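Below is one structure, written out as structure tokens, with a few remarks after it.
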Amino acid sequence: MDYNFLKIEKKWQNFWSTHKTFKAHDQSEKSKYYVLDMFPYPSGAGLHVGHPLGYIASDIIARFKRHSGFNVLHPQGFDSFGLPAEQYAIQTGQHPSKTTTTNINRYRQQLDRMGFSFDWDREVRTSDPNYYRWTQWIFLKLFDAYYDLQANKALPIFELINRFEKEGNLNVQAHCDKDTPLFDAHQWNAYESDKQQKILLFYRLTYLSETQVNWCPALGTVLANDEIVNGVSERGGHPVTKKKMRQWSMRISAYADRLLNDLDELDWPDSLKEMQRNWIGKSRGASIYFQIENSSETIKVYTTRPDTIFGVTFMTLAPEHQLIKKITSVDQQKAVADYIARIAHKSDRERQSDVKTISGVFTGAYALHPFTGLPIPIWIGEYVLSGYGTGAVMGVPCGDQRDFDFANHFNLSIINIFDGVDVSKAAFSEKENIKLIHSDFLNGLDYKAAVEKVIAELELKNYGIGSVNFRLRDAVFSRQRYWGEPIPIYFKGDIPVPLNEQYLPLKLPEVEKYIPTEDGKPPLGNAKEWAWDEINEEVVSIDRIDYRSVFPLELNTMPGWAGSSWYFNRYMDSQNQMQWLSDDAMEYWKEVDLYMGGSEHATGHLLYSRFWQKVLFDLGYTNSKEYAKKLVNQGMILGNSAFIYRKKGTLTFLSKGLIGKYEVEPIHVEVGLINSQDELDLEAVKIWQKDFQQAEFILENGKYIVGREVEKMSKSKYNVINPDEICDKYGADTLRMYEMFLGPIEQDKPWNTAGISGVHNFLKKFWRLFYQNDHCLVTEDSPSAESMKVLHQTIKKITDDIERLSFNTCVSTFMICINELTTLKCSNKTVLEPILILLSPFAPHFCEELWQQLGHPKSIEFEPFPVFDPSKVEETTKEYPVSFNGKMRFKIKLSLEMGVEEIKQAVMKEQRTLDQIQGSRPKKIIVVPGKIINIVI
RNA sequence: GCUCGGAUGGUGGAAUUGGUAGACACGUUGGACUUAAAAUCCAAUGACCAUUGCGGUCGUGCGGGUUCAAGUCCCGCUCCGAGUACCA
């Protein structure tokens with residue numbers, strides 16, 4: 001019997017799938033354990049060895065928990081709406097659902113080969129109408145809710161309407177648009193229904209509004225902030241500009257404080273929590289009102305440094321500020337208009353890349369300092385952002401570097417208000433250990449005391465108010481795409497009307513083209529059947545919108561993060577046709593116990609999904625306000641790219657060592673064409689790409705040596721390692737163990753195929769404890785004390801290490817264990833059986849096979865995990881290192897039962913010790929039982 | 001700039017609470033078996049010095065400190081990575 005991994009793995013994968021071994025049961029005596037992976041987007045390129053890293057880790061936990069007696073939910077699915085399938089559709093005319101299905105099937109095949117213990121009966125696909133029906137349902141729940149600041153939670157919108165009817169909105173404290181008008185009950189009841197609906201949009205948790213959006217002309221769609229990286233689109237790297245559009249948004253800003261505070265109770269990586277904290281960006285400070293000279297208008301500024309109020313020498317408004325038109329003096333009007341026009345032409349990217357240049361213009365107007373009454377010139381400056389705070393800042397050049405630079409550039413005055421500080425060259429922006437001067441009633445105070453005092457004063461005199469600000473913006477929810485969830489809304493005029501939930505799912509219509517219409521409408525504008533008939537309650541042809549009861553449906557679709565913001569709940573009850581989730585399933589599964597995924601979702605998916613969970617919690621649809629108590633970020637497996645070097649402007653390629661002073665262009669080559677000595681296979685490269693047939697390769701020592709660089713694994717960099725190839729050559733169990741062995745799970749690490757033999761040899765070595773030359777070695781004799789000791793040391797180490805997710809050390813422990821048992825020639829059933837159970841989460845097929853060979857009729861999957869027995873590893877003696885002043889000199893074997901005093905006496909009797917001390921008495925003897933003896937002399 | 005991580009042999013990495021640094025694996029070298037190769041097994045492998053025999057010195061990015069004892073704790077740097085970026 002050889003270790004025939006191909007045969008074994010196929011056999012057990014079939015066994016597991018026909019027996020539905022990993023089916024999770026909704027009712028069980030056992031405690032539940034929910035292990036979740038971030039579900040993949042099924043791209044056309046298939047999986048590479050980096051993708052399954054997190055899945056392997058979570059699978060080990062899932063299997064370990066099953067052995068430990070838990071009813072484990074370990075589901076998987078596909079985030080199957082998205083841009084690549086749509087772009088492929090645009091190019092080829094093939095329906096995205098077809099591409100998606102093909103890709104999913106390929107993913108499924110690859111995943112199955114690795115022996116994951118997923119419960120595929122619960123699979124979800126975000127593009128499946130049976131799934132997105134509930135995504136649409138959640139959208140309607142958000143549409144029908146508002147955020148009440150008194151209750152500090154979302155409430156149904158009808159409660160708000162009731163209040164409006166009784167008392168208007170004068171006493172309503174709710175999270176709403178800042179331009180929301182005030183009205184009393186009488187006014188409200190007198191409003192036309194359309195006007196009432198428009199006002200309600202200011203309150204709804206998902207709402208339509210005219211917003212400045214990030215428009216990507218190349219993709220023809222709007223992007224959220226987290227979909228933009230360095231001013232260009234995350235996908236494709238296309239430029240992004242600003243555009244005003246009527247868009248759906250999600251009022252996530254209402255939840256900023258709770259999203260921030262609840263982070264404290266989550267067992268998530270600190271770095272990830274920190275990223276979310278920064279993204280939410282809470283800051284404390286004050287809003288201060290500045291009266292404008294000779295005008296009734298006031299300008300509100302937000303500052304985190306109200307203590308520096310006496311350092312104010314000017315004020316700057318964002319170019320988009322509404323008051324600019326009103327306050328600009330006659331003689332400055334042209335200059336201001338020119339400036340604003342110039343800024344408006346700049347794209348976001350230009351504005352971002354050019355932060356060094358200082359630009360601005362004087363409005364000709366002055367504001368009055370609230371305390372001194374002195375006039376302060378009002379400027380307009382590009383560096384002030386309209387989106388943050390009030391879009392206006394007070395300029396304190398002595399305390400803020402940007403204000404300082406601005407003041408210097410335009411020759412504005414600078415007052416120093418910090419004691420003993422030189423502000424002639426740069427601003428002083430530190431807060432600690434400094435006292436204020438030239439600051440009237442704040443003189444002599446430090447930062448903390450001054451802030452407190454000035455806010456009290458501002459509030460007393462009604463010049464301002466202490467306030468809190470967030471960086472977090474509402475999330476734009478409309479996408480001008482085809483391949484996404486339709487938004488269940490139709491329009492009567494410009495009033496959005498929600499579809500009643502009984503008509504869900506609102507299925508994606510068929511279209512002829514997947515591109516925007518000629519008049520610039522989203523792709524759904526191409527659909528013929530895309531109007532809602534209120535009377536017949538069905539989707540009908542758009543030709544009928546002239547009929548009284550037929551109205552156009554929303555043409556935008558939902559963004560990629562919609563479907564992924566709640567899928568973890570659906571797994572608990574994925575086949576339910578009546579509800580998004582039954583109460584029983586929710587009651588039993590509660591929330592995710594371990595969520596495994598990449599940190600790249602920190603400010604996207606992981607924030608949006610927390611937001612939706614909180615809304616659903618407030619509205620009573622779930623009883624967990626956080627859906628994942630523990631989260632682990634697996635690192636990335638990086639590729640080891642290979643480069644050849646083309647002499648600039650030629651077809652000549654220089655081996656790495658010959659580049660010298662030549663100007664060369666590095667070009668990626670397929671890593672499969674490189675041997676372990678970094679030598680390029682010249683024949684193969686010419687077959688690989690025809691372009692190289694004409695090329696001349698200059699060799700060193702008869703070889704072409706490539707350059708190497710560690711980068712992200714990607715098809716375009718030709719550094720992809722396909723897991724199928726590894727499975728063919730070494731088997732899935734080797735791949736699983738090797739990926740765990742590469743390093744700590746949360747770390748990025750480069751893939752290196754060369755190292756895999758170590759793990760593969762381990763499995764073969766272990767196999768040889770069972771079989772050699774077709775001969776079974778396993779005996780039922782009672783094992784030696786040494787082998788029992790090896791076993792129990794292993795049990796302890798593995799149990800501890802799995803609990804703390806240190807899988808790389810687990811693999812090492814197994815290797816040590818098998819090396820020792822090999823040395824001991826131990827093939828006792830009593831020892832080998834528990835090791836199979838220990839190892840089975842890592843190498844499941846391998847262990848199942850041997851488990852069966854040992855005569856067990858049932859699968860290994862639910863065997864109880866072996867329990868550590870300390871008595872088996874107990875030692876009576878131990879070698880203690882004896883050191884003098886911390887330096888180790890010799891070892892001494894002593895009984896473990898000795899007390900500290902006995903050990904001291906025994907050590908002092910040692911001849912060598914006495915030699916060391918040479919007559920002088922030791923100052924101190926330190927004994928840590930079981931660890932160390934140190935003699936201070 | 002700010003925030004958060006890192007830095008240990010030729011390489012990936014161990015060292016869980018301050019207690020024999022370098023486990024385990026790759027790679028390299030030498031050996032056994034073999035006609036040969038593969039496979040397998042054995043030995044050596046941080047650096048330097050001493051090796052006929054023990055052995056010794058230095059070593060966890062750099063400079064200090066605390067301690068009988070520091071990869072681990074404290075202070076000050078350097079470099080690398082990630083996130084974020086006119087956020088007032």
Side-chain angles (χ1 to χ4, degrees), chain A residues 229-230 269-279 281-283 285 301-306 308 316 318 351-352 354-358 381-385 387-396 399-403 405-406 429 469-473 599-600 602-603 633 635-636 676 738 741-744 746-759 761-762 764-765 768 772 797 800-801 803-804 806 808-817 819 822 879-891 922-928 930-937:
Chain A
V229 178
N230 299 326
D270 288 336
S271 60
L272 196 146
K273 291 205 273 187
E274 201 57 33
M275 270 191 240
Q276 291 209 344
R277 285 190 192 106
N278 290 338
W279 192 261
K282 183 174 184 169
S283 71
V301 305
Y302 172 76
T303 177
T304 55
R305 294 295 303 274
T308 63
T316 317
R351 250 174 112 163
Q352 257 180 19
D354 183 30
V355 293
K356 292 278 179 293
T357 338
I358 297 161
E382 205 185 344
Y383 78 100
V384 178
L385 303 175
Y388 183 78
T390 58
V393 301
M394 59 184 210
V396 184
D400 183 286
Q401 194 55 45
R402 292 157 303 174
D403 293 346
D405 294 339
F406 195 82
S429 52
N469 229 313
F470 293 94
R471 207 187 75 112
L472 185 68
R473 298 272 86 87
S599 59
E600 66 272 22
T603 52
N633 285 135
M636 226 189 308
S676 57
Y738 184 54
F741 183 68
L742 272 175
E746 66 280 4
Q747 215 168 80
D748 288 350
K749 53 230 156 201
W751 176 266
N752 170 20
T753 305
I756 203 166
S757 64
V759 171
N761 285 343
F762 156 76
K764 287 197 282 188
K765 206 165 176 179
R768 282 199 298 273
Q772 241 169 60
K797 195 95 201 331
D800 291 353
D801 286 354
E803 293 281 2
R804 63 186 183 103
S806 178
N808 56 330
T809 55
C810 284
V811 179
S812 296
T813 304
F814 282 124
M815 289 179 176
I816 295 167
C817 169
N819 282 344
T822 305
E879 280 214 322
Y880 284 83
V882 180
S883 55
F884 293 85
N885 289 345
K887 299 216 170 178
M888 220 266 284
R889 289 299 147 88
F890 59 85
K891 288 177 185 173
K923 279 190 204 147
K924 200 166 31 159
I925 302 179
I926 293 147
V927 174
V928 181
K931 279 190 175 169
I932 199 157
I933 300 165
N934 188 36
I935 300 169
V936 185
I937 46 180

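Here the structure is a predicted model, which is why all the values come from computation and not from measurement. Each chain gets a letter, A, B and so on, in the order the sequences are listed, and its residues count up from 1.
- In this structure, of B:C4, B:U40, B:C24, it is B:U40 that holds the atom nearest to the side chain of A:Asn761.
- Considering A:Asp403, A:Val396, A:Asp400 in turn, A:Val396 is the only one that fulfils the side-chain contact (heavy atoms from CB on, under 4.5 Å) rule with A:Thr308.
- Residues A:Lys749 and A:Gly389 each lie close to RNA chain B; by heavy-atom proximity, the contact nearer the 5' end of the strand is made by A:Lys749.
- Residue contacts for A:Pro750: at a heavy-atom cut-off of 4.0 Å it reaches no nucleic acid atom on any strand shown.
- A:Met815 places a side-chain heavy atom less than 4.5 Å from the side chain of A:Val759.
- If you take atom C1' in B:U60 and the same atom in B:U51, they sit 28 Å apart, rounded to whole Å.
- A:Thr809 and A:Ser812 form no side-chain donor-acceptor contact under 3.5 Å, judged by distance and modelled atom types alone.
- When distances are taken from the side chain of A:Glu274 to each of B:A88, B:C4, B:A39, the shortest belongs to B:C4.
- Within 4.0 Å of A:Ser757, counting heavy atoms only, lie sugar-phosphate atoms of the nucleic acid but no base atom.
- Looking at A:Ser283 and A:Tyr388, their side chains come closer than 4.5 Å, going by heavy atoms from C-beta outward.
- Of the listed nucleotides (B:G13, B:A88, B:A25), B:A88 has the atom at the smallest distance from the side chain of A:Arg402.
- With sequence neighbours excluded, no residue satisfies side chain to side chain donor-acceptor pair (under 3.5 Å) with A:Lys764.
- With B:A39, B:U16, B:U84 as the choices, the nucleotide that has an atom nearest any side-chain atom of A:Trp279 turns out to be B:U84.
- Here the nucleotide nearest the side chain of A:Ile816, chosen from B:A23, B:C87, B:U84, is B:A23.
- Picking from B:C68, B:G13, B:C87 the nucleotide with the shortest atom distance to the side chain of A:Leu385 gives B:C87.
- Separating the P atom of B:G19 from that of B:U45 is a span of 25 Å, rounded to the nearest Å.
- Salt-bridge formation is detected for the pair A:Arg804/A:Asp801: a Lys NZ or Arg NE/NH1/NH2 atom is positioned less than 4.0 Å from an Asp or Glu carboxylate oxygen.
- The closest side-chain heavy-atom distance from A:Ile926 to A:Val936 is below 4.5 Å.
- Counting non-hydrogen atoms under 4.0 angstrom, A:Lys765 reaches the backbone sugars and phosphates but no base.
- For A:Phe741, whose side chain is taken as the heavy atoms from C-beta onward, the closest listed nucleotide among B:G13, B:C24, B:A88 is B:C24.
- Residue A:Lys797 is classed as a base contact, given a heavy-atom separation below 4.0 Å to a base.
- When the side-chain nitrogen and oxygen atoms of A:Lys764 are compared with OP1 and OP2 of B:U40, one or more of them lie within a distance under 4.0 Å.
- Checked against B:C24, B:U84, B:A14, the side chain of A:Asn808 finds its nearest nucleotide in B:A14.
- Residue A:Asn819 is in sugar-phosphate contact alone, with no base atom involved, counting any heavy-atom pair closer than 4.0 Å across all strands shown.
- For A:Asn934 and A:Ser883, the side-chain atoms include at least one donor-acceptor pair closer than 3.5 Å.
- Remark: C1' of B:G12 and CE of A:Met636 are 18 Å apart, rounded to the nearest angstrom.
- Rounded to whole Å, the C1' atom of B:C33 lies 13 Å from the corresponding atom of B:A38.
- Remark: the separation of the P atoms in B:C48 and B:G10 is 10 Å, to the nearest Å.
- A residue-by-residue look at A:Ser271 and A:Asp400 shows that A:Ser271 has its nearest nucleotide of RNA chain B further toward the 5' end.
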For RNA chain B, produce a single dot-bracket line, 5' to 3'. Pairs: Watson-Crick or G-U wobble, both distances under 3.5 Å. Symbols: ( ) within strand, [ ] crossing, | other strand, . unpaired.
-> (((((((..(((......[....)))((((((.......))))))((((.....))))..(((((..]....))))))))))))....
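- Comparing B:G13 with B:U8, their C1' atoms are spaced 9 Å from each other, to the whole Å.
- The distance from atom CD1 of A:Ile926 to atom C1' of B:A69 is 7 Å, rounded to the nearest whole Å.
- Look at A:Gln747 and you won't find any side-chain N or O under 4.0 angstrom from OP1 or OP2 of B:G6.
- Side-chain N/O atoms of A:Tyr302 include none lying less than 4.0 angstrom from OP1 or OP2 on B:C87.
- If you measure from atom CG of A:Asn752 to atom P of B:G13, you get 11 Å, rounded to the nearest angstrom.
- Glycosidic conformation at B:G9 (O4'-C1'-N9-C4 for purines, O4'-C1'-N1-C2 for pyrimidines): syn, within 90° of 0.
- Between A:Tyr738 and A:Trp751, the distance separating the two ring centers is shorter than 6.0 angstrom.
- Rounded to the nearest Å, the gap between the C1' atom of B:A21 and that of B:G30 is 27 Å.
- In this structure, A:Ile935 and A:Val882 have side chains that are in contact, with non-hydrogen atoms separated by less than 4.5 Å.
- For the pair A:Leu472 CG and B:A85 C1', the computed distance is 16 Å after rounding to whole Å.
- Among the nucleotides B:C86, B:C41, B:U16, the one closest to any side-chain atom of A:Arg768 is B:C41.
- Comparing the same atom, P, in B:G59 and in B:G22 gives a spacing of 16 Å after rounding to whole Å.
- One can place CH2 of A:Trp751 at 15 Å from P of B:C26, the figure rounded to the nearest angstrom.
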Let me see the working for A:Val301 and A:Val393 under side-chain contact (heavy atoms from CB on, under 4.5 Å), right down to the final yes or no.
-> CA-CA 5 Å; A:Val301 305; A:Val393 301; 5.6 Å; no
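- Rounded to whole angstrom, the span from the CD1 atom of A:Ile935 across to the P atom of B:U67 amounts to 21 Å.
- Taking atom CZ of A:Phe762 as the reference point, atom C1' of B:G12 lies 18 Å away to the nearest angstrom.
- The distance between atom CG of A:Asn934 and atom P of B:A70, rounded to the nearest whole Å, is 10 Å.
- Among the nucleotides B:A39, B:G13, B:A88, the one closest to the side chain of A:Ser283 is B:A88.
- Residue A:Arg305 is classed as a sugar-phosphate contact, given heavy-atom separations below 4.0 Å to backbone atoms only.
- Look at the C1' atom in both B:C4 and B:A23: the space between them is 30 Å, to the nearest Å.
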